[in-house]
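The block underneath contains the structure these notes are about, expressed in structure tokens.
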Number of protein chains: 2
Amino acid sequence: MPIPIPGQAVRGSKTGKPIMALLDLLGRTWSLGIIWQLQLGPATFRALQQRCEQISPSLLNTRLKELVTLKLVTKNANGYALTPQGVSLFTIIAPLGDWSNDWARQINAPTDSSLKE
Amino acid sequence: MPIPIPGQAVRGSKTGKPIMALLDLLGRTWSLGIIWQLQLGPATFRALQQRCEQISPSLLNTRLKELVTLKLVTKNANGYALTPQGVSLFTIIAPLGDWSNDWARQINAPTDSSLKE
DNA sequence: TAGCTTGCTACACATTTAGTAGCAAGAGGT
DNA sequence: ACCTCTTGCTACTAAATGTGTAGCAAGCTA
């Protein structure tokens, strides 16, 4: 699976537009989840695996390599952490936390008929 | 693959937290892309297929069903469109467009050594 | 040096996505 | 009514991805 480099063709898009590379990256299983979890603080490989509810080590390693190549995550002696760019990406998606709670409420909102009961 | 309903266990997470359902949903191929494209305006099935660079109809249909079930997209006589909730989600992720351009510049940034040449 | 923990790699199996073909239903023309 | 075109989708196969378990090398610690 080629890493989606902005400026090159990626899965589903030949235009090379950075946004398409980003959407490809974020559209991969656990990409967003790893960023979300790392934002809680740096973590070692195994610690990160646990935060991600036992994601398989093979996939975790694949995702981490992608994220490191794309400069969203770095690896140092203490484990993995978001880069400044990773943090700035997280800043954008952070509101999804609150948004998802509202969304959950609306999806499970009482219907007109159930309100009558 | 079951549709990730907030409040229930989803792929990779048993907690039922809405954010995990959302990350599961957005982590599926073309989910973000479809929302991104629909924001340009409503579209018929085939028009949407073209906007998404010939995404296969089977996958498009699968994704659309998920998005409709989760109330991010609606279907009417004129085709598919974002719901108010879909629009509000888009509002959050809209900055990714500009962000991805900056990111592309940094990834392809000249290195120290190439600067010397 | 025996016994942990950590950071992975290997591999077989399961699920998801891609790609192509094509059909049923409706619109428009003749 | 009949032909033709478009639209919205379903079916099916092949390829790509993800899951899950096992386990190994390296670095502590005792």
Side-chain angles (χ1 to χ4, degrees), chain A residues 1-5 8-15 20-38 41-70 73-81, chain B residues 1-5 9-15 20-21 23-38 41-70 73-81:
Chain A
M1 177 175 36
I3 296 177
I5 315 269
Q8 299 180 186
V10 300
R11 182 175 58 155
S13 178
K14 296 173 185 171
T15 64
M20 296 312 291
L22 181 61
L23 295 185
D24 177 7
L25 176 70
L26 300 184
R28 296 177 181 199
T29 309
W30 273 110
S31 280
L32 280 165
I34 290 170
I35 292 169
W36 197 268
Q37 295 299 333
L38 271 184
T44 63
F45 188 92
R46 293 222 177 190
L48 190 51
Q49 215 189 327
Q50 289 193 306
R51 284 192 200 170
C52 294
E53 302 188 44
Q54 300 308 328
I55 176 179
S56 73
S58 36
L59 183 58
L60 177 57
N61 191 40
T62 302
R63 281 295 100 84
L64 284 172
K65 280 181 184 167
E66 292 167 3
L67 293 170
V68 167
T69 299
L70 296 172
V73 166
T74 43
K75 182 186 180 180
N76 62 34
N78 297 316
Y80 294 91
Chain B
M1 180 167 41
I3 296 178
I5 314 269
V10 300
R11 183 175 57 156
S13 178
K14 296 173 185 171
T15 64
M20 297 311 292
L23 295 184
D24 177 6
L25 177 70
L26 300 183
R28 297 176 183 200
T29 309
W30 273 110
S31 279
L32 280 165
I34 290 170
I35 292 169
W36 198 266
Q37 296 298 333
L38 270 184
T44 63
F45 189 92
R46 293 222 177 191
L48 190 51
Q49 216 189 326
Q50 289 193 305
R51 285 192 200 169
C52 294
E53 301 187 44
Q54 301 307 328
I55 175 181
S56 74
S58 37
L59 182 59
L60 177 57
N61 191 41
T62 302
R63 281 296 100 84
L64 284 172
K65 280 181 184 167
E66 292 166 2
L67 293 170
V68 167
T69 299
L70 296 172
V73 168
T74 44
K75 182 186 179 180
N76 62 35
N78 297 316
Y80 294 91

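These numbers come from a predicted model, not from an experiment. Letters go in sequence order (proteins before strands), and every chain restarts at 1.
Using a distance-only test at 3.5 Å, with no hydrogens or angles considered, a donor-acceptor pair links the side chain of A:Gln49 to the main chain of A:Ile55. Under a 3.5 Å cut-off, the side chain of B:Arg63 and the backbone N or O of B:Thr29 do form a donor-acceptor pair. Distance alone, capped at 3.5 Å, places no donor-acceptor pair between the B:Glu66 side chain and the B:Ile3 backbone. The backbone N or O of A:Leu25 sits less than 3.5 Å from a side-chain atom of A:Ser31, completing a donor-acceptor pair. Looking only at distances, a side-chain donor or acceptor of B:Glu53 sits under 3.5 Å from a matching main-chain atom of A:Lys14.
For D:dC9, the OP1/OP2 oxygens have a side-chain nitrogen or oxygen of B:Tyr80 closer than 4.0 Å. One finds no side-chain N or O of A:Lys75 lying less than 4.0 angstrom from the OP1 or OP2 phosphate oxygen of C:dT6. Distances shorter than 4.0 Å separate some side-chain N or O of A:Lys65 from OP1 or OP2 on C:dT9.
Counting heavy atoms from C-beta on, the side chains of B:Arg11 and B:Pro2 never come closer than 4.5 Å.
Note: CG (B:Asn76) to P (D:dG8) measures 11 Å, nearest angstrom. If you measure from atom CG of A:Asn61 to atom P of D:dA25, you get 18 Å, rounded to the nearest angstrom. Look at CD on A:Glu53: it is 12 Å from P on D:dT19, rounded to the nearest Å. Going from atom CZ of A:Arg51 over to atom C1' of C:dG7 covers 16 Å, rounded to whole Å. To the nearest angstrom, P of D:dT7 lies 16 Å from CG of B:Leu64. Separating the CG atom of A:Leu60 from the C1' atom of C:dG7 is a distance of 10 Å, rounded to the nearest angstrom. What separates CD1 of A:Ile3 from P of D:dT17 is a distance of 12 Å, to the nearest Å. Rounding to whole angstrom units, CG of residue A:Leu48 and P of C:dG7 are separated by 10 Å.
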Take B:Thr44 and B:Leu48 through the side-chain contact (heavy atoms from CB on, under 4.5 Å) test and state the conclusion after the steps. CA-CA 6 Å; B:Thr44 63; B:Leu48 190 51; over 6 Å; no
Letter by letter from the 5' end, nucleotides 10-24 of chain C scores (B base, S sugar-phosphate only, - none; protein heavy atoms under 4.0 Å) B-----SSSBBB---
